[in-house]
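As structure tokens, the structure follows; a few thoughts come after it.
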Amino acid sequence: MLREKETHNYQQDMRFQNTDDPIVKERLYVQNLPDEERKKLAKFLSDGYPACLQLNELNFHSFLHLCSLRTFSGDDKLFRHCISFYNDVKSENKLDSLQCCADCKRSLDDYEAKMTFTCGNICKTGENVRYTVLFLNEYVNEKQTVKVVELASTIIVHKQSVQKISRFGHGFSVCSQIRNDCPYIFISGGKGPSGREMMEYDVIENKWKKCPPLPRARINQSMISVEENIYLIGGGISSIVKYNTRTKIYSTIGYFEKNISNPLVIQYHKCLYIFGGRTSNEYDDDCDVPSVRKLDMTTNVLDGSQDLPVAFSGGQAVLLNDKVYIATPGGSLICFDPKTGRSRLCSSQNFNRDLFFMFVSDNRLCVLGGIEKSKKTFCRTLDRYCPEQDCWRRASEVKTDFPIIASCILQYPHKCPVLPFQ
């Protein structure tokens, strides 16, 4: 009897509350959602994983309208989840089927307004905006495409087929650099005539410039930008080369004992850490290596080798909480501590994928796209790894194939006076 009375009093209280109150409106709206949708919403708000709340063209408006009932910001996870779906559908020319109401349209317009600029500065939480630039092979169209994704929201903000990239053969490399508060992308190497080419792309002016040719042709090398220098490591040869983007001069700063290709490189303080790769010379067969080498950028001294738990070439590496995490094409995940030089194996990835991209978001590792190596199928998932719990979760799915042949993260400066990718 007590529970029945409490329930009755609660319902009575709801009836006599001011229905113009935004909080009351929100509660009534959630109550009227179908039971299954309400359960999914509760799990999503509790766990925060997009997979808990699969959006489609039928239920999208319900959740976007819920966002419009409150004072949601662009950083709210439910709103960002809706925005991600909205941009995905918009890119496929299905916007008319969403039938957004006036409140939802106002929410979308408010979000778009956050990407405008005032007094020459991009107004987005007062910080630099991070994008990932993905170079994809679209096997259906046999075209190379560039997609630009804002990492904070995983929204695709730009997509374009790029004819210029087709001149670079298989195995080209890419990195980004900030110079005079403006972003640039550099592409070099590759199989065929492009092996000695270096191209500079001005994101602001949308122009390509040809840099001086590389001292030697490279394929499957690593590029990393540090201040005004770009380091080229590997590429089927043993030399380590530094290119100064201001003086346009190359300088050889070190050598490996053997030719190496497909290494991974991470900057930590004043050193570059070089992981794995495939070595070869005229006497030995090609083989993957488990080594870690450290290059001191101040003295150009290349320290001796340390071993990782597995040998690999290719994959992705990122820095998170002073640890380097390495995702290999074989499905392994390695954690390396540059302070101690020790490494350990973490929980294996959900797939043995290749041609994927890894980045850091909300203190988690995120792995996107690629090809499942054993089954030769496309991986259409975004998976997240939690370092504290040493576990993987599937965060969301994508509708298109994501075989990523090259990628880089572009830090768009807050001071830059031009909006990106317009």
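The model shown is predicted, which means the values in this text are computed figures rather than measured ones.
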Does E200 form a salt bridge (Lys or Arg N to Asp or Glu O under 4.0 Å) with R179? I'd like the steps, not just the answer. CA-CA 12 Å; E200 174 186 313; R179 196 166 65 245; 3.1 Å; yes

Run the side chain to side chain donor-acceptor pair (under 3.5 Å) test against Q54 and tell me which residues pass, sequence neighbours left out.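 Not a single residue meets the side chain to side chain donor-acceptor pair (under 3.5 Å) criterion with Q54.
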
Output yes when a side-chain donor or acceptor of [X] lies under 3.5 Å from a complementary backbone atom of [Y], and no otherwise.
X	Y	result
S176	I409	yes
S222	P263	yes
D390	P387	no
D362	R364	no
N259	S238	yes
Y385	R393	no
R38	L33	yes

[atom1]/[X] to [atom2]/[Y] distance, rounded to the nearest 0.5 angstrom?
X	Y	atom1	atom2	value
C379	R394	SG	CZ	9.0 Å
Y250	C211	OH	SG	6.0 Å
L368	S361	CG	OG	12.0 Å
I274	I260	CD1	CD1	7.5 Å
Y231	N229	OH	CG	5.0 Å
D307	S291	CG	OG	7.0 Å

Any ion pair linking [Y] and [X] (charged N to carboxylate O, less than 4.0 Å)?
X	Y	answer
E372	R380	no
D337	R342	no
D383	R353	yes
R218	E197	no
R246	E227	no

State, yes or no, whether a side-chain contact exists between [X] and [Y] at a heavy-atom distance under 4.5 Å.
X	Y	result
T245	Y184	no
V367	W392	yes
R293	Y273	no
Q316	S407	yes
T132	V148	no
V149	Y131	no
L136	V146	no
I185	V174	yes

Check the pair V226 / M297 against side chain to side chain contact (heavy atoms under 4.5 Å, CB included), numbers first and verdict last. CA-CA 9 Å; V226 182; M297 291 182 288; 3.8 Å; yes

If you look at every heavy atom in [X] and [Y], which pair is closest and at what distance?
X	Y	value
N244	T247	OD1-N, 2.8 Å
F356	G315	CZ-CA, 4.0 Å
D288	A311	O-CB, 3.6 Å
M223	C175	CE-SG, 3.6 Å
A317	I266	O-CD1, 3.4 Å
L333	S347	CB-O, 3.7 Å

Check: F336 ring centroid to F275 ring centroid under 6.0 Å: yes

Does R216 CZ have over 12 foreign heavy atoms under 6.0 Å away?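 Not more than 12 within 6.0 Å, no.
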
Atom NZ of K248: over 12 foreign heavy atoms under 6.0 Å: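 Check passes, neighbour count above 12.
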
I230 and I224: CA distance, side-chain angles, deciding distance, side chain to side chain contact (heavy atoms under 4.5 Å, CB included) verdict: CA-CA 6 Å; I230 293 176; I224 185 169; over 6 Å; no

For the pair L232 and Y243, evaluate side chain to side chain contact (heavy atoms under 4.5 Å, CB included) and give the outcome as yes or no after the intermediate values. CA-CA 8 Å; L232 297 100; Y243 174 67; 4.3 Å; yes

Aromatic rings F135 and F172: how do their planes relate, parallel, tilted or perpendicular, breaks at 30° and 60°?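 F135 vs F172 ring planes: perpendicular.
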
Walk me through whether I253 and L302 qualify under side chain to side chain contact (heavy atoms under 4.5 Å, CB included). CA-CA 9 Å; I253 60 174; L302 185 65; over 6 Å; no

Using distance only, find each side-chain donor-acceptor pair of residues 321-331 under 3.5 Å and give its atom names and separation, not counting sequence neighbours.
residue: N321; atom: ND2; partner: N363; partner atom: OD1; Å: 3.2
residue: D322; atom: OD1; partner: Y268; partner atom: OH; Å: 3.4
residue: T328; atom: OG1; partner: G330; partner atom: N; Å: 3.3
residue: T328; atom: OG1; partner: S332; partner atom: N; Å: 3.2

Does a side chain donor of either Q221 or S188 reach within less than 3.5 Å of an acceptor in the other side chain? yes

